[in-house]
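Notes for the one structure printed next.
Chain A is the first sequence line, chain B the second, and so forth, proteins listed ahead of strands; every chain is numbered from 1.
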Amino acid sequence: MSDQKIYKPDEIEPKWQERWEKDGIYWSDIDKSRKKYYALTMLPYPSGDLHMGHWWAMSPSDARARYMRMKGYNVLFPIGFDAFGLPAENAAISRNIHPRKWTYANIEKMRKQLRSMGAMFDWRREAISSDPEYYRWTEWFFIQLHKHNLAYRKKAPVDWCPKCNTTLAREQVWGEDRHCERCNTPVIKKELEQWFFRTTSYADELLDFSNLDWPERVRLLQTNWIGRSEGASVIFHTEQGDPLEVFTTRPDTLWGATFMVIAPEHPLVEKLTTQDQNSQVKAYIAQTLRQSEIQREAADKEKSGVFTGGYAINPVNGKRIPIWIADYVLMTYGTGAIMAVPAHDQRDFEFAIKFGLPILPVIDRLDGLTKSFVHHSAVKEGFFEAVAPLGVNCEKDAEGWNFTFLVEKADEFIQVVKNYISPGHWVEIVGSKWLFVFDQEIIIWDSVETSQRILELCRQRNSEVKKYRTLMEMLWQRPFYRDALYHDGYGTMINSEEFSGTPGDQAKDKVIAWLQSRGIGKSLVNYRLRDWLISRQRYWGAPIPIIYCPEHGAVAVPEEELPVLLPDDVEWRPTGESPLKLHPTWKNTTCPICGKPAERETDTMDTFMCSSWYHLRYLSPHYDKGPFDPEEYDYWMPVDTYTGGIEHATMHLIYTRFFHKACRDMGITKGPEPMLQLRNQGIILGEDSEKMSKSRGNVVAPDELVARYGADTVRAYLMFFARWDMGGPWSSGGIEGTSRWIRRVWALYQNMPKPGNPTKETLRNLRRKVHQTLKQVTHDYESFEFNTVISGLMELLNEMIKAAENGAAGSKEWQEALEIFLLMMAPATPHIAEELWAVLGKPYSVHLQAWPVLDPQAIIEDVITLVIQVNGKVRDRIEVAANISEEDAKVVALKSEVIQKFLGGKTPQKIIVVPGKLVNIVI
RNA sequence: GCCGAAGUGGCGGAAUUGGCAGACGCGCACGACUCAAAAUCGUGUUCCUUCGGGAGUGAGGGUUCGAUUCCCUCCUUCGGCACCA
């Protein structure tokens with residue numbers, strides 16, 4: 001091999017990158033004669049270093065875009081930078097460098113790194129969200145949303161450091177005790193007036209994924225995130241007469257509400273609290289405020305709460321029930337108040353047990369059965385003989401006897417119990433009739449009052465018998481009873497006045513209709529999704545274009561005055577306060593309506609706002625008559641394939657869908673969805689299976705690998721080493737294999753084997769393998785199975801080398817193999833494919849070629865290996881003609897010596913033939 | 001706790017509709033070339049085996065002539081949500 005034929009990626013890669021750039025072969029322009037294809041990869045944040053995650057996300061996306069281009073589509077594959085955000089501001093504070101300088105220096109560096117990837121980005125369409133020509137339109141979108149009442153202002157809590165006197169982002173709050181990252185002071189919640197977008201108005205539409213080719217995983221994540229639940233709102237009243245609205249998904253359990261719980265922040269707290277409960281309530285609320293959100297939201301935390309002293313009236317039956325305060329009720333969901341049904345809600349049940357509140361079952365779980373428990377020592381002689389005729393099912397355990405019997409036998413059972421139980425013992429019976437027996441007292445458990453009486457008896461017993469805490473807890477600890485006492489499923493209603501007996505599948509609808517007819521409630525849908533809070537008390541973001549006038553309130557900046565520019569002459573005080581607030585003059589302006597002095601909004605927008613529409617800015621990044629050129633929009637939109645990380649499933653991917661739908665309703669965009677197909681790559685971890693991070697020291701730098709192996713090898717290895725949608729830990733050893741493969745390809749094309757005298761079979765086999773690979777690789781590019789694209793090409797190379805050894809070189813089949821191989825390789829490894837395409841003497845550029853056409857005749861096998869099984873186990877393999885008939889296959893199989901040995905003279909019961917594959921002989 | 005995904009050799013992974021498990025690659029072993037090494041090339045490589053075979057895709061069961069693939073139960077790992085009424 002002469003020197004110049006050694007594979008030197010550091011020479012050929014920059015050479016071709018420059019040539020492609022100069023020739024503009026990746027420029028995508030409107031061409032109505034061709035079908036468009038908008039392939040979008042999620043834009044990077046300019047952190048200053050293109051890491052392996054970017055390569056992992058982008059290079060297979062690029063390969064797919066290139067494949068679509070070769071398939072004949074006019075493909076747009078743009079790139080840009082999501083350039084606003086907190087890290088730039090942190091750099092400003094810690095290194096005293098202006099965020100703009102830091103950001104644009106990083107962008108410059110990352111552009112170089114991105115170019116080294118050899119991707120087909122159309123750089124003319126680059127968009128940077130922190131450019132005034134970009135954020136002018138981010139502001140414009142805000143004004144449109146504001147105009148259409150989709151943006152509004154309300155008070156909302158932020159994390160606030162009382163010492164630094166500033167708001168903190170989520171990632172600036174550290175540790176279990178949630179302290180400020182700078183001064184370690186515990187963070188408090190502070191209420192600030194902030195801007196919101198009405199994402200919840202689109203909740204139902206966002207749940208509709210029809211016509212979207214999105215992964216099931218993402219659709220489920222979004223569905224859970226939106227968290228739609230159907231139920232009813234019911235209006236209770238306090239004894240003082242104030243309405244107390246609750247939301248419930250189980251209106252069929254209304255009769256089982258034995259108390260109510262309101263959130264500590266509920267507006268009625270003060271009014272409800274009685275004199276003698278006042279100090280306890282105050283103490284409890286103070287305690288919940290001190291608790292961090294994390295502590296408060298820990299689900300395994302024991303229930304806490306306090307009685308207000310006040311009562312409410314249950315509108316369905318007029319019963320008087322106590323109102324409690326507890327932090328398990330959230331002010332941010334529903335109405336901040338609930339009706340508590342301890343018999344059919346886990347949390348209410350735990351609360352009732354903790355605080356000794358009555359439990360009233362209103363759903364029949366046992367379906368006509370009753371259960372009872374009797375202690376061993378309680379049973380007098382003759383008990384079992386007396387019980388036997390009742391058809392009782394009896395099981396013994398370590399403590400006593402468990403009985404199950406029909407509810408109709410309950411009265412007779414109680415008689416037996418009365419006669420055959422030693423004094424001083426008691427027996428519990430629970431079931432459809434919900435009966436309890438205490439010594440000689442029998443209680444039908446069918447109302448709040450009887451429930452209270454049961455509770456009282458439990459308490460008495462609790463003081464008498466130290467062994468048990470309360471009867472409720474004891475029952476809960478016995479799995480035998482647990483499902484009888486508490487369950488959260490649907491079932492026949494009981495203890496519910498005229499609704500008793502209503503079957504579970506009709507209960508909810510019937511009760512809602514009845515509530516509605518009586519005007520005490522209505523059906524209602526609630527969502528977990530909250531409106532999108534977009535205010536950030538930060539400098540490095542798009543300013544919210546609002547002016548506050550003492551007379552006219554919040555007034556939008558007139559569109560012709562956009563953009564509201566970020567001032568450059570800002571400084572960061574150690575307090576961490578936003579420089580926009582500190583700037584001496586910037587916020588002073590005049591009211592657009594009256595012209596009198598007014599102040600600018602000093603908050604900026606969440607960067608998710610910038611990234612909600614970047615796919616539109618790519619269309620015409622320098623257009624100044626609107627956010628995008630409508631002509632470009634009409635041709636390119638919607639996005640055909642969107643690729644990026646799964647971690648954006650619930651934030652960015654919901655925001656951008658909301659944004660598109662809102663814009664559609666405002667007449668700005670068209671169609672129901674912005675991105676038709678979504679594909680997510682999995683996460684690539686460090687070699688230690690941990691997330692790559694500098695502090696762990698497990699970061700694999702792509703630049704180093706590119707310097708050592710070349711971009712093509714890194715690209716191919718990333719495609720090859722794991723399933724793209726799964727990701728997984730990086731494995732450094734494997735790249736050698738891909739590198740070897742690339743060099744073998746290079747060597748084959750540079751030192752072309754000498755022509756020989758191939759047999760017809762050699763040539764037919766070569767051509768078959770070429771077209772079989774073409775079929776597989778085409779399928780794999782279509783379906784994002786990049787790992788098998790590369791393994792398929794590796795196999796083909798092995799076959800080509802074998803064919804060359806058999807003299808295939810120089811034939812027309814050989815020439816076809818050489819060309820198709822490079823064409824299939826081109827999307828994955830663009831540089832070497834281009835170089836070798838030139839070596840073959842083919843016209844520039846391989847990337848302007850059409851995808852090769854499959855010859856279906858070529859892939860047909862003429863000989864197959866027939867698998868012969870006996871009882872499903874492979875016993876022999878025989879080469880036969882591919883078109884062998886079923887009968888002939890049977891004959892061949894039975895003739896086999898190996899098979900005859902296994903048959904051992906027995907006659908087969910059955911012979912199954914799978915044409916072209918196998919024969920299974922059953923004996 | 002709830003929702004979801006995954007579990008296959010020493011390792012990464014393959015197996016299109018239920019039909020030859022382990023493609024492709026790494027690693028390892030042996031061999032060729034070399035004074036030697038690197039590189040390259042070749043051969044072998046799931047485990048056990050008395051060399052006839054036997055076992056085998058997280059565990060157990062089921063359906064089937066036949067299961068990595070379908071069904072049930074369970075275990076482990078990862079991801080998301082988490083007192084959402």
Does [X] reach a base, just sugar-phosphate, or nothing at all? Heavy atoms under 4.0 Å.
X        : answer
A:Glu736 : nothing
A:Asp348 : nothing
A:Thr788 : sugar-phosphate
A:Phe720 : base
A:Trp225 : sugar-phosphate
A:Gly227 : nothing
A:Val914 : base

Roughly how many Å apart are [M] and [N], using the [atom1] atom of each and rounding to a whole number?
N      : M      : atom1 : answer
B:rC26 : B:rU16 : C1'   : 26 Å
B:rA23 : B:rU45 : C1'   : 15 Å
B:rC71 : B:rA67 : P     : 16 Å
B:rU40 : B:rU34 : C1'   : 12 Å
B:rC35 : B:rC24 : C1'   : 37 Å
B:rC70 : B:rU57 : C1'   : 16 Å
B:rU64 : B:rC48 : C1'   : 29 Å
B:rA82 : B:rU77 : P     : 22 Å

Test log, rule side chain to side chain contact (heavy atoms under 4.5 Å, CB included), inputs A:Ile911 and A:Val919
CA-CA 7 Å; A:Ile911 300 176; A:Val919 178; 3.6 Å; yes

Take the protein atom [atom1] of [X] and the nucleotide atom [atom2] of [N], then report the distance between them rounded to whole Å.
X        : N      : atom1 : atom2 : result
A:Gln222 : B:rC81 : CD    : P     : 13 Å
A:Leu796 : B:rA14 : CG    : P     : 20 Å
A:Phe721 : B:rG12 : CZ    : P     : 11 Å
A:Arg723 : B:rG13 : CZ    : P     : 10 Å
A:Glu350 : B:rA85 : CD    : C1'   : 14 Å
A:Asp531 : B:rC84 : CG    : P     : 21 Å
A:Leu221 : B:rC81 : CG    : C1'   : 9 Å
A:Asp327 : B:rA85 : CG    : P     : 17 Å

Got a donor-acceptor pair under 3.5 Å from the side chain of [X] to the base of [N]?
X        : N      : value
A:Lys917 : B:rC20 : no
A:Glu216 : B:rG4  : no
A:Arg530 : B:rC84 : yes

Any idea which of [options] is nearest the [X] side chain?
X        : options                : result
A:Arg740 : B:rC26, B:rG53, B:rC83 : B:rC26
A:Leu220 : B:rC20, B:rA85, B:rG4  : B:rG4
A:Tyr333 : B:rG4, B:rC20, B:rA85  : B:rA85
A:Arg347 : B:rA85, B:rG25, B:rC81 : B:rA85
A:Arg875 : B:rG54, B:rC20, B:rA85 : B:rG54
A:Asn224 : B:rC83, B:rG19, B:rC3  : B:rC3
A:Ser791 : B:rG19, B:rC83, B:rA23 : B:rA23
A:Lys910 : B:rA14, B:rC65, B:rA82 : B:rC65
A:Val867 : B:rG4, B:rG66, B:rC20  : B:rC20
A:Val874 : B:rG19, B:rG12, B:rC20 : B:rC20

5' precedence on RNA chain B between A:Thr335 and A:Glu785 (nearest-nucleotide basis):
A:Glu785

Residue whose nearest RNA chain B nucleotide is more 5′ - A:Arg743 or A:Met339
A:Arg743

N/O (side chain, [X]) to phosphate O (OP1/OP2, [N]) under 4.0 Å:
X        : N      : result
A:Asn787 : B:rA14 : yes
A:Arg528 : B:rC81 : no
A:Ser229 : B:rA85 : yes

Considering all heavy atoms of both residues, which atom of A:Phe307 and which atom of A:Ile323 are nearest to each other, and what is their separation?
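Closest approach of A:Phe307 to A:Ile323, heavy atoms only: CD1-O, 3.3 Å.
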
For A:Trp225, is the NZ or CZ atom of A:Arg528 found under 6.0 angstrom from the centre of its six-membered ring and inside 45 degrees of the ring axis?
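Geometry flag: set, cation within 6.0 Å and 45°.
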
Return the pairing partner of [N] with a 3.5 Å limit on both distances, Watson-Crick or G-U wobble; otherwise return none.
N      : result
B:rA23 : none
B:rG9  : none
B:rC81 : B:rG1
B:rU64 : none
B:rA29 : B:rU43
B:rU16 : none
B:rA59 : B:rU73
B:rG52 : none

Tell me whether A:Lys303 is salt-bridged to A:Glu350, with the criterion being a basic N under 4.0 Å from an acidic carboxylate O.
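Answer for the salt bridge query: yes.
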
State plainly whether the residues A:Arg217 and A:Asp725 are in salt-bridge range, i.e. N to O under 4.0 Å.
no

Would you kindly say whether [X] and [Y] are connected by a side-chain donor-acceptor distance under 3.5 Å?
X        : Y        : result
A:Tyr709 : A:Glu736 : yes
A:Asn526 : A:Ser229 : no
A:Tyr717 : A:Ser59  : no

Using O4'-C1'-N9-C4 for purines and O4'-C1'-N1-C2 for pyrimidines, with syn meaning within 90° of 0, is B:rG52 syn or anti?
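Syn conformation for B:rG52.
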
Can you confirm whether A:Lys775 is buried at NZ, in the sense that more than 12 heavy atoms of other residues, nucleotides or ligands lie under 6.0 Å from that atom?
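Counting other residues, nucleotides and ligands, NZ of A:Lys775 stays at 12 neighbours or fewer.
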
Side chain to side chain contact (heavy atoms under 4.5 Å, CB included) between A:Gln776 and A:Thr788, worked out
CA-CA 8 Å; A:Gln776 181 221 319; A:Thr788 46; 3.7 Å; yes

